[in-house]
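Scroll down for the structure; my scribbles are underneath it.
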Amino acid sequence: MPAALQSTVDKLSGAVKQFSLVQRVFALIAVAAVLIIGFAVYSWATKPTLTPLFSGLSGTDASAVVDQLTADGVTYELADGGATVMVPTAAVYSERIKLAAAGLPSNSDGTGYSLLDNLSATSTEFQQQTTYQRAMEGELAKTINSMDGVESATVKLAIPEESVFSDEQTNPTASVFVREKAGTELTANQVQAIVHLVSAGIAGMTTSDVSVVDANGNVLSTVGGSTGALADQQTGEYESKIEAAIHTLLDPLVGAGNVTVTATALLNYDSSQKTVESYQADPTVPPLASSTDTEEYTGTGSSSATGVLGPDNIAVPSDAGTGDGSYKSTSEDLTNAVGKTTEVIVAAPGTVERQSVAVAINSTAGAALDMTAVQSAIAAAAGIDAARGDTLSVERMPFDTTAAEEAQAALAEADAATAAAKTQSLIKDGAIAAVVLLVLIVLLVMGARRSRRAKREALDLGGLQSSALEQEQALLDAVDAANLVEIEAPRSREGEAIEAKRRQVAALADDQPAEVADLLRGWLSESGSRR
């Protein structure tokens with residue numbers, strides 16, 4: 001190991017050895033946290049961005065695609081219940097080309113227009129018609145499956161055979177079975193969307209020819225009308241709308257909680273169609289055709305007497321005619337232009353046949369109200385039509401507010417208890433956090449004090465050792481100087497130096513007698529041990 005690296009390792013190990021137990025624990029926790037965070041950041045940075053390769057796959061196609069990706073060594077993830085395959089962005093286009101070359105996805109789920117691919121040229125007309133009907137059912141079911149909240153759907157079509165021997169043709173009908181996803185429920189708009197989708201996809205089918213049923217057995221739409229659960233939902237929405245309108249009108253007058261409204265509506269979900277034709281001549285328009293016939297006759301006349309039989313068959317003579325026997329007749333035939341008006345009236349389902357509204361106002365809060373004006377306002381807000389048979393009842397009566405007051409008091413107590421519990425929990429959490437923080441601070445302070453004390457002791461020992469060495473060196477110099485004095489006394493310059501060193505030794509013995517004594521004892525013990 002290089003000397004520089006070994007020196008660094010030694011310094012680190014020495015610093016770690018000086019740590020207390022608490023400091024070592026915190027150091028280990030910090031190192032572990034740094035390693036975990038670094039690993040998480042590395043995993044996040046090196047994880048490739050995934051992009052959908054294919055979506056809406058059948059089970060067969062998804063299995064084939066996954067097998068191909070595994071053979072190619074491409075990482076993948078499945079989403080949307082296995083119908084979507086996610087791969088790294090860099091491999092999307094290359095894998096699509098490879099899968100397309102392998103004929104994937106093949107959409108070979110056995111439904112939809114894929115049924116027509118295996119239809120042979122020798123198939124009978126019945127087989128062709130049946131296969132086409134199954135294909136239409138599969139395509140409609142796929143489209144419905146893509147709607148939000150729908151887990152699975154099945155469509156059954158009843159298409160009558162066309163016949164040249166019948167003047168009247170029966171409309172095709174459809175039955176749709178829908179299974180909602182867990183925790184979801186189809187709305188009225190979604191049901192209407194399914195009905196219009198199926199009816200528009202089949203020639204000759206109307207919206208009243210589609211029946212929708214959910215997995216719970218609720219009839220959302222029936223053939224011939226919109227009844228069942230959907231009708232109840234629409235009726236409830238209409239009644240809630242009426243009640244909300246009345247509350248909006250009266251709450252500012254008497255205050256919230258002082259009005260009770262109940263609305264009951266009868267809606268007609270029967271679909272009907274009426275055609276009206278009216279004819280009317282326009283005198284300003286000239287006739288389309290006209291013809292005139294004239295008949296005229298001219299005779300020679302006659303002077304013979306004529307008469308009639310009278311009573312008892314006795315002839316009664318009359319005056320002889322003197323006319324010339326002429327005859328003339330004229331007739332005219334006109335064909336006038338007649339205007340024709342054809343009106344088709346379609347009654348949509350869901351019209352209001354009759355509704356009843358009952359309103360009760362707290363007599364205490366509404367004592368000053370003009371009930372006639374209030375009743376007129378409510379009738380206008382609710383759309384009451386007396387000719388239709390609607391009824392409206394507005395009464396002012398005392399309300400029993402005991403239960404409401406008790407409920408309000410219980411709610412206030414519950415809110416207070418909840419607030420107190422939250423406050424107590426916050427105080428407890430704060431106290432625990434404060435205690436933990438205090439313990440940490442105490443441990444850190446104690447560790448810092450121990451570290452400072454260890455450093456101070458090391459420094460003091462080092463200082464003492466250095467001072468002892470200096471003293472030892474001074475004594476050695478003094479001894480050497482004394483020896484030199486005995487040997488070379490005549491030398492004046494050296495004598496002065498030795499005298500100066502003697503003074504230094506004397507001064508050192510006066511200032512630090514204990515250290516000098518310890519040093520001399522050490523020398524004596526060493527010399528004794530050597531002997």
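Excluded from the calculations below are hydrogen atoms, water molecules and symmetry mates; all remaining heavy atoms, backbone and side chain alike, are included.
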Audit row: Met86, Leu53, side chain to side chain contact (heavy atoms under 4.5 Å, CB included) steps and yes/no: CA-CA 6 Å; Met86 310 283 289; Leu53 180 65; over 6 Å; no

Taking all non-hydrogen atoms of both residues into account, name the closest pair between [X] and [Y] and its distance.
{"X": "Thr292", "Y": "Glu332", "answer": "OG1-CG, 3.6 Å"}
{"X": "Leu50", "Y": "Pro88", "answer": "CD2-N, 3.5 Å"}
{"X": "Glu185", "Y": "Gln190", "answer": "O-OE1, 4.1 Å"}
{"X": "Ala382", "Y": "Ile242", "answer": "O-CD1, 3.6 Å"}
{"X": "Asp390", "Y": "Gly383", "answer": "OD2-O, 3.8 Å"}
{"X": "Val254", "Y": "Gly366", "answer": "CG1-CA, 3.9 Å"}

From CA spacing to verdict: side chain to side chain contact (heavy atoms under 4.5 Å, CB included), Arg96, Tyr93: CA-CA 5 Å; Arg96 283 180 182 174; Tyr93 299 107; 4.3 Å; yes

Hey, could you give me the [atom1]/[atom2] distance between [X] and [Y], rounded to the nearest 0.5 Å?
{"X": "Ile159", "Y": "Asn171", "atom1": "CD1", "atom2": "CG", "value": "12.0 Å"}
{"X": "Gln129", "Y": "Ser123", "atom1": "CD", "atom2": "OG", "value": "11.5 Å"}
{"X": "Ile144", "Y": "Glu139", "atom1": "CD1", "atom2": "CD", "value": "11.5 Å"}
{"X": "Ile202", "Y": "Glu137", "atom1": "CD1", "atom2": "CD", "value": "8.5 Å"}
{"X": "Thr75", "Y": "Leu69", "atom1": "OG1", "atom2": "CG", "value": "9.0 Å"}
{"X": "Leu140", "Y": "Lys156", "atom1": "CG", "atom2": "NZ", "value": "12.0 Å"}

With side chains defined as the heavy atoms from C-beta onward, is the minimum distance between [X] and [Y] less than 4.5 Å?
{"X": "Val212", "Y": "Val198", "value": "no"}
{"X": "Phe177", "Y": "Val155", "value": "no"}
{"X": "Val259", "Y": "Val359", "value": "yes"}
{"X": "Ser221", "Y": "Ser211", "value": "no"}
{"X": "Val352", "Y": "Arg388", "value": "yes"}
{"X": "Val178", "Y": "Leu186", "value": "yes"}
{"X": "Leu266", "Y": "Gln355", "value": "no"}
{"X": "Arg396", "Y": "Leu369", "value": "yes"}

Side chain of [X], backbone of [Y]: donor and acceptor closer than 3.5 Å?
{"X": "Asn145", "Y": "Ala153", "result": "yes"}
{"X": "Ser240", "Y": "Gly236", "result": "yes"}
{"X": "Gln68", "Y": "Val65", "result": "no"}
{"X": "Thr89", "Y": "Thr49", "result": "yes"}
{"X": "Gln375", "Y": "Ser393", "result": "no"}
{"X": "Thr130", "Y": "Gln127", "result": "no"}
{"X": "Asn362", "Y": "Thr364", "result": "yes"}
{"X": "Thr184", "Y": "Lys181", "result": "yes"}

[Y] and [X] side chains, donor-acceptor separation under 3.5 Å:
{"X": "Thr391", "Y": "Ser356", "value": "yes"}
{"X": "Asp400", "Y": "Thr402", "value": "yes"}
{"X": "Thr206", "Y": "Asp209", "value": "yes"}

Derivation of the side chain to side chain contact (heavy atoms under 4.5 Å, CB included) call for Thr51 and Val87: CA-CA 6 Å; Thr51 304; Val87 298; 5.6 Å; no

Verdict with supporting geometry, Leu220 and Val176, side chain to side chain contact (heavy atoms under 4.5 Å, CB included): CA-CA 10 Å; Leu220 306 180; Val176 182; over 6 Å; no

Considering residues, nucleotides and ligands other than [X], do more than 12 of their heavy atoms fall under 6.0 Å from its [atom1]?
{"X": "Gln408", "atom1": "CD", "answer": "no"}
{"X": "Asp370", "atom1": "CG", "answer": "yes"}
{"X": "Glu125", "atom1": "CD", "answer": "no"}
{"X": "Gln424", "atom1": "CD", "answer": "no"}

